Every structure is written in structure tokens, then in C-alpha cells.
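Taking it in order: structure first as C-alpha cells, then the write-up.
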Amino acid sequence: MRNRKIIVSIIICILLTLSISGCWNRRELNTFSILMGMGIDKAEEVGKVQLTAQIINVSELKQGGSSNKEAYLAVRSTGDTVFDALRNFTKESNRKIYLPHNKVLILGEDIATEGVQKYIDFFVRDHEMRLRESVLVAKGKAEEILNVKSELEKIPAAGISSLLKSQNATSEATDVDMKDFISRLMSKTTAPIAPLIEISGEEEKKVLRISGMAIFKQDKWVGELEGSKARGILWVIDKIESGIIVVDCPNEEGKMSLEIIRASSKITPELKGDKVSIKVEIKEEGHIGDQECPCELKSHDISSIEKMKTTVIRAEVISALEKARELNTDIFGFGDSVHQKYPKQWKDIESSWDEVFPEIEVEIVVDAKVRRSGILIMPASS
Amino acid sequence: MFNFLSKKLRSWQQQNQNINKENKENDNSKKTKENSQAKLSSNLKENLDSIKAILGVCEDLIIREFAFGNKGQISAAIIFIDGMVDRTLINDNIIKPLMYDNRFICEEESLEIKNIDIIKGTILYVGEIEKSTTINDLVESCLSGDTILLIEKAKEALVISSRGWETRGVVDPETETIVRGPREGFTENLRTNTTLLRRKIKSPDFMLEAMKIGRKTNTAISIAYLKGVANPEVIEEAKRRLKRIDTDGILESGYIEGFIEDAPLSIFSTIGNSEKPDTVAGKILEGRVAVLVDGTPFVLTFPMVFIEGFQSAEDYYSRPYYASLVRVIRFIAFAISILAPSSYVAATTFHQELIPTPLLFTVAASSEGTPFPAVVEVLAMGVIFEILREAGIRLPRPVGQAISIVGALVIGESAVSAGLIGGIVVIVIALTAVASFVVPAQTDSGAILRVILVILAGSMGGVGIMVGLIGILIHLASLRSFGTPYLSPLAPLSPFDLKDVFFRVPIWAMLTRPKSIVRQNIQRQKFILKPTPPPEKKDKGGSK
Amino acid sequence: MKIEKGVISSSQLTFMIIGFLQASNLLLVFSSRIVNHDSWLAILVGLVISIPIALSYAALAKEFSGKTLIQISDIIYGAYLGKMISVSYILIFLLTFSIDLRLFSDFLITYIMPETPIWAILTLLTFLSAWAVRGGIEVIARCSFIIIAMASIIILSTFVFLLSDMEFSNFLPVFDLPLKDFIQGTHINVSLYYLEIIIFLMIMAFVNKTEQVRGSMLWGLILGGVSLLILEVRNVAVLGIVSNILTSPSFNAVRYISVAEVFTRLEMFVVIMLITTVFLKVSIMYYATVLGLAQTLHLRSYLPLVTPIGIITISLCIISGDSSMELLHGGMYIWPVFILPIQLFPVLSLFIVKLRKKSKKLGANEE
Amino acid sequence: MKMIILLAMVFLIILIIEAPKLIVNKYWKELIVFLSLLSLAFILTVLVILGVDIPSPLEGIEYLIDDILDLSWERK
């Protein structure tokens, strides 16, 4: 029984000391503002960073918050480093910025061309940040991107986030989260990629558009791939979710669109002497989604469609590959695959990868299949 | 420093001495009581006077003097307390035969002792009659509802059992209502209660041991257990603890619980109680010991383990799958009831990153503009809820409904629309309130835990909650109930007993009694009792 | 005069060892920093190496059944040498105890409550453990099952939730590091995770069936090692190369969970798992320290030592390192080297005992 | 200063709680050990609070392993 008395008194002691020292880390919901999107640009002053933060105006999100104010605020601040700039927000805003709900990190064009390493460290190091946030590169200033209103979403950053997700439908760009980005950044050979976002449309009707993938060399933005070229990367790195491949009708005039249902790829490196060759095997399955020509397709037609599809896919991969060779950046992770297969020889190759990469022979094996024809056996027009 | 210590010590010693003195005094008074156990004299008048002297002149003490015998030559008196006796029994079965039966012809010089035996043996139509010689005995039995027959010239008196007072019938118990299962509940009458149990367990092994506790109330209690199953050590320990009780009164089984439980300062009760005979019978069959107390329908059972609060009698009457589902839901509800408010506080004031973004917007929007921090909101709402609950229970039914309307309106609507508290807080508290009633055995401890956890969450966030939970775990792990670890069968783990914790296996698979409670006669049923279809008959021409 | 009246079962010993090893989730960063994506291999090899040593601990405990490590060294090495050895054991226990506590507080401060002063967290955790230690070995043992059940559920469910994000090519190429690094990583694994169970030599004395100690030790070690393996595989498969630069890969891996955008933000579970298992580990160490000290000084009760030792530990935690980087360096390069001889010492003791017995037997035969 | 007074109070409470039990049971040896450990703890905590640079035991170990024995993994 004495034991209990002791325990009770110790509890009282501890509670007392706790109450004396106050509560740390306590922040009520209405003392900070939730950040949804963040953009980094170079400030006009030399050597300074400009942050654009999109924060939530919570009272406008409340049901019945009927005033015509926006549900978000875009605020701006500059500082010597990213963290410095972040803290400088409090000079203008009465609420501290709360990071963990950040959805997108937009790197401005000037930042990206200069090298992102020094700007991105904070977003990985800070305990409030998560590795799931999407990384994008803006054509132009990140600030401008964050100022474009979204038609369907109350908050533009959420709009960008869902815009990225919807890229699955074409697979011409893919969502790259922080973990993917920095693991590519950390790799000695593989170069980071990130979706590229730009503003299109006129003054009053500005809309955002994902235009392709930005290609980095180390941490610098060196080039971009658009449309089907961007899909070329995704074929190789196995990020294809869906999409449309347009081919000509086998015998007649007209076009067909083939929907990609599932795709997978495999990179097999081979080392002969000093020569590195890579075999990329792509397997694809799809349906006929749309057919302009009015003829019924026979089974040999199907195989010719498949052949055409193969050619299209191969062409897309080759165009991406050429771009990569031209920029001499290993966006496909060929280096890592060689490393994984030939760890011993890798040490010799690693140092001269920049010379090796453009010379690599790449064999592309595409196995494309057309499985079903939708709910029609033949077109209605005949 | 040392002065202080020695002072403290001295005061302790003094206290101890005082206590010892008191005890001695008590002993002395007992002894004088025993010494004053005067014997009956042969004079009726004298006897009556001495009884009157002890009982005083009370309005409910009735002394009926009369005479009987063929010539009315024997004067006698009946003493009883009105209201505690069966009047018809006294009139028809005691007075009537004595006065009516004329066969009682007595010689002038007849011996008084013989009379008593004849009366006891041949005249009275009553089941239970005892002889007594001391006045104290007579007074005691009179006070417990017996009738005393005093006869002139007899040095003995008859104590005729005539107890009979208004009792509540056996009705549906209010605290443990069920859908399927027996509807009867214990009553305030000890005899009825033992009967209810005896009717369920008709075995010679079922033992009932009587005891009287309370210097002033003389409350009768019974210890019920199954001989050969219940752990003898537990029975011995229970008797030892019960005998230790030296108090003036026992009014309810809660008094007994307070005197004999293992952890008197814990917020968890280490002795179970039930109002349902089938529940208690089930526990006795599992090897537990029950203590029935006269004057209350609540029967104590022990050893109690933590998970007992999550088991309901109905679990065993319904099908195992549903019973298991309900079991799991009870655990979830208990977790919600103690964790929901503190989690809300921790999530909204410390770990906003754990709330999914859309939900965070809702929560933030609802708490935008409220004047108080989340801890205060939650604590205040919790207190208001407890007040409403208490008021609802205590007030008469019609007023109670008014209370709930006021509560719902004031708290549910006005406070939110006035912007005093966030709407989410109301939802959290309401959910907590509903969940806390799912496990009745832990409702009271849950309320306290809730408050502690909210305070911890308000000061340290999720870490505070975890610290609180680990503290609770340590406390639970250190508790014992009559030698059984409170957390068993989880800790220490006895895999066999898990059959009745998070899920309930079919009845035919419940082969053993809980090992943590029972040490002997573990197996409770035959091994293969799983119902199977009868073997197919092998005559082939059966279809004809 | 027995100082601890409690008795635990052999299965409880197993649970305690599993929980003890699961708490090492916190320390995984020491070896994975060096062996990178091959840390699973280092964990496996470390486990295999530790098993015979752990078995020799069990053999020593069986040889002196009912005696703790302190009493054993008193018996083997006599009063003076034995006392010295006992004191060094106790100091080591105290140091490991305080370093573990410190690392965990650092973790909490880094990830959850950066503004909280370290002494507040230390006081709270030490208080909790002191409470459990005061309850005796039985209370700690009873807590162990519930804690490891919860921790195992968390380990397995996070593994399942992350399956879709795992990329097993992250483990390729296998054994892609200099042998020296691999040996160092394995060494860290062995002496920082597995052989810390030397502390159980203080506890095995209270197991009710001495003959089962060996089995429960083995099972505890294997299951604990497997849970570490699962954790490490999960972290590397999900985070890949990034896991090498994080202070807590586990926390970040679980933070990465996003199943159908519903099961997200589950990192609290890692904290729950760590806080409970570290509590268990710290309580066991605390208990061993206090009991060891009481037995060395031949006290009749260890309870009066609990509070002072707790406060000394808190101060030790605060002074043991100025920064978490310093602790990381010590854990990677210094501490394993320092502690290994002490961990191997019981093996030597066993050897001496066996030798003595043999010579006695021989002597008896000659006579 | 405030912290030291607070600390002294905490230690006093601990003393008041623990010591009488030992005295009543006549556990003199335990009392001596308890008091000496408690005073050690008090000195340590006061030093920590005052910010006196106490050499960390780990630094000593590092010195022993690294500089005297030259066994650190870093060197090899």
C-alpha cells in the first residue's frame, strides 16, 4: 500500500513540474496556417531565395462561408536560405506556416537550371516534411504557377496535385514524389526527372498544363521531353499506367486508337569486355478503343496492328533515348542496372559513365498485344 | 530534516498505539457482552421484563400474553417484531393450535421442561423451531424476524422461525438487460438469492457458508462456491478477509467489496459484481467464489480479471461468430471511450500532420474562432456530459427527459452555433459517451482514465497519451485479485484461456475452466462434444 | 534472503527478449549507415553469430540456476575480483541504459516534439520505467506480452501496407561493399542489438523452469532477429538509397504509406511501437542495474535504489553526448568495440567453470 | 536558481517518501546506500543544471578505445 502512496506522490510531482514548465510544441489549430503548395524562385536580389506559399484561408472553407473571398492566400517572402525565407513569412503573416500538409513543391525555372540540391535539402531534412509531396518544375516562375486559379478545386495546389494524378490517363508525364526525386539525385548515374508545368491560355483564362517531363543532369535542369517523347521514358522506367496509341488502319484509310491497359518493362544490361549494351524489354497489352475505318478486322489484321503498335512504342522510346544521349543524362537508370548486375566491373565503368552512356547500344524489344475490341465486333458504319 | 522525520515517526507510532487501544476496547466490550448473557429464569414476568429492558419500548415490538391448557392454567407470551414476521403464520400456526387444542391437559404440578418439548414436538405447525436459554439469543433472533414463545415456569424458550416481510419479487435486472437468456435477477432477500443459485447448480458440491458481519446491522452473508473446483486458497483467503471485517454496519455488497479487495486505492475494481443468477452461476462453475449479501441484489464474485468486464452472459447464449464480433466491438468501444477525447486533443494541438488533409480542413474550420484551447473544450464538454448523465440518473424519469432535451439543445446546437465550441468536439464527446456505456463494468474507471489521458494529451500530446497508456498497463499488470493476475490470461499468457477473450469459441470447444483461476478439476466437459450428424444407415434398399 | 520474490515463466522470458530486440529498431541506423542496402545480410549474419554466444549465456545460467550474473561472478572469481567484475557489469548496464534512453529521447525530439527540452522526456520515461521496476520482474514480464503483440502487429501491418511501394531491386547488388565494412556492420549488429541480451543473465535466475531457458533464449533471439530483419527489409525496399541518409528510416518508411489515400499518415504507429518496446527494454536494463547493485552490496531490498539510480541516469543521458551526431559516431565506431569483450566475458566464465569441473572430476578420478 | 530550489524540493520529497520506510524496518545499510546514491544524484543534477561541463563517460571510452588502444573502426 505504501508503494501506491509513493506512486501517487511522484505523479503529483511530475504533473506539477510539467505544469510549471508549460507545454511545449503546443499549437492550436487557429494559430498557424496550413501550407498546401510551395514554390521556390530566385529573388530579384542576388543570392536570395524567394518562396511562394499557398496557404489555406480556413474560414472560407467553412460551410456557408459565403463571402466571395478565395479559400487560399498566396504569400511571398525572401531570405538567404529556404528556411530563412520560410521564417520570414511571419514578418507579414500573423500565423506560422505549417508544412506537413504540403502537396506540391514547384521549382522555378531559374532555380532548376542553377541546381536544386541546395534548395531541396530543407524539404528533406525538416521533420515536418514528408517524402510523398510531388516535385514539379515550372516553366517560368513558380510564383506565377501558384497564382493561377483552378477551375474545379478551391485550392490551386490541390488542383495541381490532382492534375498530376490525372496524367495517368495519357502517361505522358508522371507524378514524381520527393523520395523518387532525391533517390535519383543521390544515385551517381541516374538523373532526376520531374513533371514540367506551364501556364497556357490568355490573360483572363489562364490554365495550368503539364507539358512533359523535365530532365536533370545531376541537380541541374538541362532539357525537357514532351508528349510521346516523355512517354518514351515512362515505357522504360515502367511507369506507364494508361494511354492511347494511335496507329493507321491496316488496310484502309483512317486511324485507330489503341488503349494501353497494362505495360511492364525490364532493363537487362550486358557487359562484353568494356562495351555495355542494354536490352529493354517492354510488354504491353491493350484494347481497340476507337476505329475510323469501316472494315471488320481479321486476325492477321490484328497482328499487323500489333506490329504497328510495336513500331510506335519503339519510336517513342528511341526518341527519348536520343534526347537522353544528346543531353548525356542517364534518366533511365541504365547505370544502376549495370551496377546491380556487374558490381565488380562497375567500379571501372562508374568514373567514365559520362563517356560510356552515349555510346551504349540499346536493344528495344517490344511485345505489344491487342486483346479485346471493346463491345463491338465490327464498326457500326458498314 | 531529522527532527521532522522523527516527529513523523513518533506520530505514526502514536497512531498505531491508538488503534491498538481502540481494538482492545472493542474486545473488552465484546467480553462484557458475552458475560451478560443472562439465562432465562423460570418466571415469565421476569423474562419479559429483561427482554423489554434490552429491546426498549418500541412501537413495533409486540408482546402478546395469553394463557392456554384445558383450564387456561399455563400463561405464556409471544414476542415478535411487527413487519418482520408472517402474521398469519403466528396466528394460525402458533397461537391457534396452542389455544384451540384442548388435548393439552396438564396436571397441576406438571414439569415445565416437558411442556416445552410437547409444544415443540406435537402442537406447533411450524417448520423450524429451536430452543434457546439465553436472553441475548432470544433478542437477536427476535430482531431478525423470529417469534419467541415464552412459557411460565420454563427455563427455555422456543424460537420459532416466522420470518416474513414484504419483498420485491424476482424481476428483470435493470443493470444487465439482455435479449436472450433468463430474465430473473437477484432480489434483496438473501434466502431467495441462494435459492436462485441453488436452482441453477443442483449439486452436492455447491457449498453455501453463512456468516454474519456488522456489529450493529448483523448482516447475513453467504459464501457460495463449488467444492473441488474453486481454489481452496481463495476460499480460505476470502473467509480470512471477511472475518477481519469489524465494522458497525454492512448495507450493501459494496461495503464488503471495499473491505476485502486487493487494491483498495486502484481505480479498477478487482471484485466483480452481478445481478443475474445465471452470470453468477456461470462464474461459480468457472471456479470463482461468490459472496451474497443480505439486502442487496448485487452479488460479488472473485477472483476478477480485467477481461471479465468485456464478457456478457449473452455471449454464451448466442452463436459464437456473432458473440465474437460483439466481443471485439466491446474492446473497440472501450478503446474509443478512453482514447477518443485525448486523441482529439493530441491530434489537433500537437500532431496536425496526422490528420488527413481534407479532414484537417474541416476540423480547422470548425475550431476557427472558438475562444478556448482544445483541451479546455474537451474537458469542459466531458464535465458537462458527466453532469447531464448524473442528473439524468438521479432525477425522476419525466424530469430526466427534460434534462436530455436541454442537454441536446444547449450543448449540441447552441454552443456550436454561438461559436463557443467546435462542432467536432461535440461529436467526439458524444461518441465517447455512447461508447463508454458498452462496457458497464469499466464505465467508472473509464471516466477517470479519460480525464487523466486528456490532461496528459494536452500537455505532452501523443507521447503523453502513450505514457498514460503504459502507466495504465503497468498498473494493470501489477494488480492481483485473490492471487490471480488481473491481466490474465493475456499477461501472464495462458494460450488455452484465449478461447474466451477476443473471441468466444463454440460451447463444445470450451473444454477447460480458466487456468489462471482454477488449479484443480480443470476439465469441464467431455472432449468430443461437437455435434455431428448421425452415421448414415447402410441398408441399400432403403429407397423402396 | 531472496531479493526478488517474483517468478516468471520461460515464455515470458521469450517475450521479453523479443521486445528487447524489437526496441533495437531505433539503433538500426548505426549499422545501416555503414552496410547500406546490405544491412539485412548483416542482421542475418549477426544473428547466426550471436546464437552460440547466447546459448553459452543460457548454459551459464543453467550451471548456476537461480543465480544472477552478479552472484555467478562472485562465485567464480571470489569476493574481490568478482566484485570488480560485478561493478564493471553494472556500470555497463547503466551506460547502455542511459544511451538507449538518450537515443530514444533524441528520436522523439527530432520527429515529434522538437521544442520540448530533453530532460522532460527523460524524466517521464525514467519515471515510467521506475514504476515498472518497483513492481518487480513479474510486472515487467506481464507487460512484455502485450507490448510485443502490439509491436509485432504494427511491424507486420506496416510491411503489408508498404508492399506496393517496395522495390526489391533496391537490394541489388548483393554484398556490394568492402569486407571490412561488412564485418564492422555485423559487429555493430552483434554487440549493439543481439548480445545486449547479456542483461538477461540477471533475469534468467527467476525463470521457474531452468531447463527451458535455453529454448526460450533461442526463440527470443530468432524471433527478435526476424522482426529486425522485417523492419530493415521494409525500410530498404521502400526507401532504397534514401534510407542511408535518414536518422530514422523506419519512421520515414511508415510515413510514406499511402494505401488508397485512406491509410496515410500512420507514422504514429512507429512511435507507439518504439515507445512501448523501448520502455520494455529500458525497464529491463533499469531493473538489471538496480538489482545488480543491490546484490553486489548485499542489500536486502533493491527498492530504495530505484529513484537515485533513475535520477543519475537522467543526468548521465544529458551529459553523455552534446549532439546526436556525436552519439551516432560513438555508436558506429567506438561503442561496439568497447562493449564486445564484456559481452564475451560470460563465455569465458563458462569456460572456466567447465574447466574447473573437469579438473575436479579428473582429481576425483585420480584419488 | 529557481530550478535548483525546485530540484531540492523534488529530492526532499523523495527523501521523505523513501527514508522513513527504511528507518522503520531498520534497513540501515540500505539507508546508507540510498543516501549516498541520492547525494551523488543531487550533485550530478545540480552540476548539469548549472551547466558545468562534466566529462561524458562516452568521451572517456572513446579516448580509451581510439587513442590508447587504437581499436576504433574508423582507423582501420
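Every chain is numbered from 1 and lettered A, B, ... according to where its sequence line falls, protein lines coming before strand lines. Here the structure is a predicted model, which means the values were calculated and not measured.
- Only the side chain of Leu293(C) comes within less than 4.5 Å of a heavy atom of chain D; its backbone N, CA, C and O stay farther away.
- Interatomic distance, Ile334(C) CD1 to Glu59(D) CD, rounded to the nearest 0.5 Å: 11.5 Å.
- Interface remark: Ile14(D) contributes side-chain atoms only to the contact with chain C (heavy atom separation under 4.5 Å).
- Of the atoms belonging to Ile183(C), heavy atoms from both backbone and side chain fall under 4.5 Å from chain D.
- Of the residues considered (Asp53(D), Leu64(D), Ile61(D), Leu47(D)), Ile61(D) shows the highest number of contacts with chain C, using heavy-atom pairs under 4.5 Å.
- Using a 4.5 Å heavy-atom threshold, the side chains of Ile311(C) and Phe11(D) count as touching.
- Atoms CG and CG, from Leu31(D) and Leu299(C) in turn, are 11.0 Å apart once rounded to the nearest 0.5 Å.
- Heavy-atom proximity under 4.5 angstrom to chain D picks out nothing from residues 32-47 of chain C.
- Only the side chain of Ile318(C) comes within contact range of chain D, with at least one heavy atom under 4.5 Å from a heavy atom of that chain.
- When each of Pro336(C), Gly330(C), Ser320(C), Ser98(C) is scored by its heavy-atom pairs under 4.5 Å with chain D, the top score falls to Ser320(C).
- Contact annotation for Leu95(C): only side-chain heavy atoms (C-beta onward) come within less than 4.5 Å of a heavy atom of chain D.
- Sorted by first and then second residue, the salt bridge (Lys or Arg N to Asp or Glu O under 4.0 Å) pairs involving residues 325-340 of chain C (not counting sequence neighbours) form an empty list.
- Residue Ile43(D) does not touch chain C at all, counting heavy-atom pairs closer than 4.5 Å.
- Residue contact with chain D, scored on non-hydrogen atoms closer than 4.5 Å, involves the backbone and the side chain of His298(C) alike.
- Side-chain contact between Leu40(D) and Pro308(C) is absent, with no heavy-atom pair separated by less than 4.5 Å.
- For Ile314(C), no part sits under 4.5 Å from any heavy atom of chain D, backbone or side chain.
- Distance CH2/Trp119(C) to CD1/Ile49(D): 8.5 Å, rounded to 0.5 Å.
- Residue pairs meeting the ring-ring contact (aromatic ring centres under 6.0 Å, His included) criterion with at least one member in residues 50-71 of chain D: none, sequence neighbours excluded.
- Expressed to the nearest 0.5 Å, how far OG of Ser301(C) lies from CG of Asn25(D) amounts to 9.0 Å.
- When the shell of 6.0 Å around OH of Tyr80(C) is examined, it contains 12 or fewer heavy atoms from other residues, nucleotides or ligands.
- Of the possible polar contacts, none joining the Lys21(D) side chain to the Pro304(C) backbone as a donor-acceptor pair under 3.5 Å is found.
- If you take CG on Leu37(D) and OG1 on Thr307(C), they are separated by 10.5 Å, rounding to the nearest 0.5 Å.
- Scanning all heavy atoms of the two residues, the minimum distance from Ile319(C) to Ser56(D) falls at O-CB, 3.1 Å.
- Rounding to the nearest 0.5 angstrom, the gap separating the CD1 atom in Ile65(D) from the CH2 atom in Trp335(C) is 9.5 Å.
- When the ring pair (Phe, Tyr, Trp, His ring centres under 6.0 Å) test is applied to Phe34(D), no partner is found at least two apart in sequence or on another chain.
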